[in-house]
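What follows is a set of notes on a single structure, which appears directly below.
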Amino acid sequence: MDTEAADDTSDIWTKEALDIKLGIMPNTLAVGTFRNVDVPLEIEVHESEPEIRLDEWDHAAMGYFTIKSGKCAVFGCTDYLPDAAKIELVPGKYSVLSLAKGLGSIITEWEDADDVYKVILWPSISAEHKTLKNYENT
């Protein structure tokens, strides 16, 4: 989220957000995971939309948000915002690609698994949000 965002995130997890695993607000983006525990997350910032091989991922969703302050805080839902890691970003609008893989390794929510998450950001005026690849838990 933008470090100066005033978004009220109490309603970020709508039915659509839960379906695509992305909660979207003007200056905040929440990435849904497939377990309610700490999980590995990698963030990449690109100058333009990267080419992604979706066949390497189990789930992929597009979203967007705006950074006004030039600083993006990255933190979990129970973390303390002032202590969050910060990423310097050029102020502006960003598209976001949220990716997850290793989801078949999840047996129960609390057990160790090999799920991995990646978020890729790039400057863009797009306000598109959708699932590109949906993981079906069988």
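Computed from heavy atoms alone, side chains included, the values below leave out hydrogens, waters and symmetry copies.
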Would you say that more than 12 heavy atoms from the other residues, nucleotides or ligands in this model lie under 6.0 Å from the CG of D83, or not?
yes

Residues which pass salt bridge (Lys or Arg N to Asp or Glu O under 4.0 Å) with E42, listed by chain and number, not counting sequence neighbours
K118

Do the non-hydrogen side-chain atoms of L29 and L22 ever get within less than 4.5 Å of each other?
yes

Just verifying a value: how many Å separate I20 CD1 and S98 OG, rounded to the nearest 0.5 Å?
9.0 Å

Which residues satisfy the salt bridge (Lys or Arg N to Asp or Glu O under 4.0 Å) test with D19, sequence neighbours excluded?
K15

Compare every heavy atom of Y64 with every heavy atom of A127, then report the nearest pair and how far apart it is.
O-CE2, 3.2 Å

Among pairs that include at least one residue of residues 84-124, which meet ring-ring contact (aromatic ring centres under 6.0 Å, His included), considering only residues two or more places apart or in two chains?
none

Could you work out, with side chain to side chain donor-acceptor pair (under 3.5 Å) as the rule, every residue matching D55, not counting sequence neighbours?
R53

Keeping to residues at least two apart or across chains, list the ring-ring contact (aromatic ring centres under 6.0 Å, His included) pairs with something in residues 7-46.
F34-H59, F34-Y135

Can you tell me how far the CZ atom of R35 sits from the OG1 atom of T108, to the nearest 0.5 Å?
8.5 Å

Quick one: CD1 on I120 to CE on M62, what's the gap to the nearest 0.5 Å?
10.0 Å

Compare every heavy atom of A84 with every heavy atom of F75, then report the nearest pair and how far apart it is.
CB-CB, 3.7 Å

Which residues share a side chain to side chain contact (heavy atoms under 4.5 Å, CB included) with K93, sequence neighbours left out
T66

In terms of heavy-atom contacts, does NZ of K86 have more than 12 from other residues, nucleotides or ligands at under 6.0 Å?
yes

Report the C-alpha distance between I67 and N27 in whole Å, list the side-chain angles of each, state the deciding distance to 0.1 Å, and finish with yes or no for side-chain contact (heavy atoms from CB on, under 4.5 Å).
CA-CA 6 Å; I67 295 294; N27 306 110; over 6 Å; no

Distance in Å, K21 NZ paired with T131 OG1, rounded so as to fall on 0.5 Å steps
9.5 Å

By side chain to side chain donor-acceptor pair (under 3.5 Å) - contacts of D7 (at least two apart)
T28

Pairwise distance CG(L99) to CG(L54) - rounded to 0.5 angstrom
7.0 Å

If you take all heavy atoms of S69 and P91, which pair is closest and at what distance?
C-CG, 4.4 Å

Would you say that more than 12 heavy atoms from the other residues, nucleotides or ligands in this model lie under 6.0 Å from the CD1 of I125, or not?
no

Minimum heavy-atom distance between S124 and S126, given as atom pair plus value:
OG-N, 3.1 Å

By salt bridge (Lys or Arg N to Asp or Glu O under 4.0 Å), which residues pair with D2, not counting sequence neighbours?
none

Qualifying salt bridge (Lys or Arg N to Asp or Glu O under 4.0 Å) pairs with a residue from residues 96-111, counting only residues at least two apart or across chains
none

Working note: L89 + V45, criterion side-chain contact (heavy atoms from CB on, under 4.5 Å); need CA distance, chi angles, decisive distance, verdict.
CA-CA 8 Å; L89 293 173; V45 180; 3.7 Å; yes

Nearest heavy-atom contact between I12 and I24 is CG1-N, 3.9 Å

Contacts of K130 that satisfy side chain to side chain donor-acceptor pair (under 3.5 Å) - sequence neighbours left out
E128

Is the count of non-hydrogen atoms from other residues, nucleotides or ligands lying under 6.0 Å from E56 atom CD greater than 12?
yes

Take V119 and L41 through the test side-chain contact (heavy atoms from CB on, under 4.5 Å) and record every step on the way to the result.
CA-CA 8 Å; V119 174; L41 171 70; 3.8 Å; yes

L97 and A60: which non-hydrogen atoms are nearest, and at how many Å?
CD1-CB, 4.4 Å

State which residues pass side chain to side chain donor-acceptor pair (under 3.5 Å) with D8; sequence neighbours excluded, sorted by chain then number.
S10

